[in-house]
Amino acid sequence: MSKDNQLLEELTSREYEHGWNVALETDSAPKGLNEDIVRFISERKNEPEWMLEWRLKAFRLWSKMTEPKWPNVTYPAINYQDIIYYSAPKQSAKPKNLEDVDPELIKTFEKLGISLTEQKRLTGVAVDAVIDSVSVATTFKEKLGELGIIFCSFSEAVREHPELIKKYLGSVVPMSDNYFAALNSAVFSDGSFCYIPKGVRCPMELSTYFRINAANTGQFERTLIVAEEGSYVSYLEGCTAPMRDENQLHAAVVEIYAMKDAHVKYSTVQNWYPGDKEGKGGIYNFVTKRALCAGDNSKVSWTQVETGSAITWKYPSCVLKGDNSSGEFYSVAVTNNMQQADTGTKMIHIGKNTKSRIVSKGISAGKSQNSYRGQVHIMKRAEGSRNFSQCDSLLMGDQCGAHTFPYIDVENSTSKVEHEATTSKIGEDQIFYCQQRGIDEESAVALIVNGYAKEVLNQLPMEFAVEAQKLLALTLEGSVG
Amino acid sequence: MLSIKNLQARIGDKQILNGINLDVKPGEVHAIMGPNGSGKSTLASVLAGREEFEVTGGEVVYNGKDLLEFSPEDRAREGVFLAFQYPVEIPGVSTINFMKTAVNQIRKYRGQETLDAVSFLGLMKEKMKLVEIDQSLLNRSLNEGFSGGEKKRNEIFQMAMLEPKLSILDETDSGLDIDALKIVASGVNKLRNSNNATIVVTHYQRLLEYIVPDFVHVLYKGKIVKSGGKELALELEAKGYDWIKDEVAVA
Ligand SMILES: Nc1ncnc2c1ncn2[C@@H]1O[C@H](COP(=O)(O)OP(=O)(O)OP(=O)(O)O)[C@@H](O)[C@H]1O
Ligand SMILES: [Mg+2]
């Protein structure tokens, strides 16, 4: 209960908080995309031949694909030849420990509120931070290592754990899956890899922070989580980008592979720069996230708080292959000003007695457009399966839009699907009631919105929940009155 | 404490308040009665600062300040409290959380230190006793799924928490059973002192047996058409409003 107040008190600065860029020296590829660029990236990362081949194959696939047009979003055509696909902060040598990391970079993290230092250790979060394209330092490695947990940058995993990467890379999201997944497969620059061995319960939250710093750069990170039988991990992902007038592309891929009895929780607080009030600038966030519940009784929960980006196109999904496996999707998506979001989930039930739960809370303000798009597909052999979906929309003002596109497909008669949807407006009555108790209008909105999104926010680890509440309020700043 | 002079207000094209005059001194209890639609809730809303109502004339002086100049939240922070006729639901926000936000924003405005969780809880427990409200109710989403009586009791709990100088209770008795009515009334009485004042809007003499008013006013067509002592309420109970309407018509 103190969370809300903390949030309200912290509401002093009201601009996009992360809107600065640090003058880091970078090593970049030339603009544009062709096979040579793919080779350049692979070479810069000292990748083995098989990795390069994989990328080239993806590039060739991508070259023949076209951008999807079905999302309920509009934006000017992206010129894929006008983007820098690789940009890395320059460092003389690979840092061995934190003291060796460029102090400017450390400052960046401190400004972001992520410290890679002792502070964070106390809170028990292991962090892998990705700035522009390169993973900078991974804390806690040794401690995790004792348990056999691997948590490192993707590049390192390619070098150190090639057998795991070869086995699982693309196993959940094939490179041909969609346009942006193919693009990512060709040019992904870094990201995180996480492996939890059989029976191990990861004792701390694992966390990755992404930041786009350099201008005209796209960020294409890849996350791969493999949870062996009976293991558990909670994974957090946060992101920010500086304010820039031009649009920047972010096309990430996250794959989760859960074996028998494994449980993975994946939480995201997405706060990419949304553009200004008139819709200038902002990140195009085209992300593919999918989990494969491969083993029986496995469970994957996605929780997302989407406050940033000019455009969001994102459907964290679960393929429920193992019998009795379950998937959850908890989402709060806030759009204000000219933001557009088309987000939701897919729950594909293949195994018997599989369960899925969808709780989506959309909040639209300003002239924004907010769409929920969700698919529930229960296949013939997935007998006795269940889905529950709750899709709520909250509107602020009358210039915004909220849309719901549910696709439900049940192929057997023993399964049950429930879908509930509501649309509400923040009432003048509610705001006045709060004001009459001495609460100002901005805080009233924050209170009402956080109450509305509570079921989702409750899914987040504590310190993330506080940040998420703060972000919700910041995003909606100036949307009433 | 409160001086209302010739107050007029409308909503859209509809004129609702047609020149209200009312003086309330510290320590006093005023009852406002009157037929449905006469403007009682409107008067309460205008005093609380609801913007839908446009003040078209008159003035309201509250503790020497022009009340109409203040934002709704600042009126609350200055000590004006309205117990709503129809309390609003706020899903996902518990009364506890709501009150903590309110108490601390008010304290900040007054230059007092904000309460930490422990002191807040202490204050809350004390006030809970006063209005005999159960903590489980306060843990639930504000007013969501509350019975009519629970909503009203919750309003009085909030009043107790905020310790206002001027309380306006808009039909707080409606929906209360006899026992709850006594509890709520005794809560209100315990909160009374020589520095605060209460305006009770009600249709029933019954409440006024427990919260004894110093003055009773009859509001009719947006005007106070008759004022008297507590016996006026008894007379209204016995005779209804027709005789007053007749008096107004004659005048
Ligand atoms: N938002 C509104 N729009 C239009 N008319 C309104 C609005 N609010 C109040 N009114 C009208 O103003 C008049 C006074 O209403 P008000 O609620 O103040 O009456 P009241 O004296 O409190 O009645 P009751 O005893 O039924 O509670 C009524 O005719 C009502 O219909
Ligand atoms: Mg009324």
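In what follows, chains are A, B, ... by sequence order, proteins preceding strands, each numbered from 1.
Rounding to the nearest 0.5 angstrom, the gap separating the CG atom in B:Leu169 from the OG1 atom in B:Thr202 is 10.0 Å. For the atom pair CD (A:Glu418) and CD (A:Gln390), the distance works out to 10.0 Å, reported to the nearest 0.5 Å.
With a 4.5 angstrom heavy-atom cutoff, B:Phe98 touches chain A via backbone and side-chain atoms both. Neither the backbone nor the side chain of B:Glu51 has a heavy atom closer than 4.5 Å to any heavy atom of chain A. For A:Glu428, the parts sitting under 4.5 Å from any heavy atom of chain B are the backbone and the side chain alike. Within the 4.5 angstrom heavy-atom criterion, only side-chain atoms of B:Asn143, from C-beta onward, approach chain A. Both the backbone and the side chain of B:Pro87 come within contact range of chain A, with heavy atoms under 4.5 Å apart. If you measure heavy-atom distances from B:Met99 to chain A, the contacts under 4.5 Å come from the side chain alone.
A distance of 6.0 Å or more separates the ring centres of A:Phe329 and A:Trp302.
A cation-pi arrangement, defined by a distance under 6.0 Å to the six-membered ring centre and an angle within 45 degrees of its axis, is absent between B:Arg75 and B:Phe70. In this structure, A:Arg437 forms a cation-pi arrangement with A:Tyr433, its terminal cationic atom sitting closer than 6.0 Å to the ring centre and no more than 45° off the ring axis.
Interface remark: of the candidates B:Asp74, B:Val103, B:Val80, B:Val80 forms the most heavy-atom pairs closer than 4.5 Å to chain A. Between chain A and the residues B:Ile106, B:Leu82, B:Ile90, the most heavy-atom pairs under 4.5 angstrom are made by B:Leu82.
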Let me see the working for A:Asn387 and A:Ser389 under side chain to side chain donor-acceptor pair (under 3.5 Å), right down to the final yes or no. CA-CA 7 Å; A:Asn387 161 266; A:Ser389 305; 2.9 Å; yes
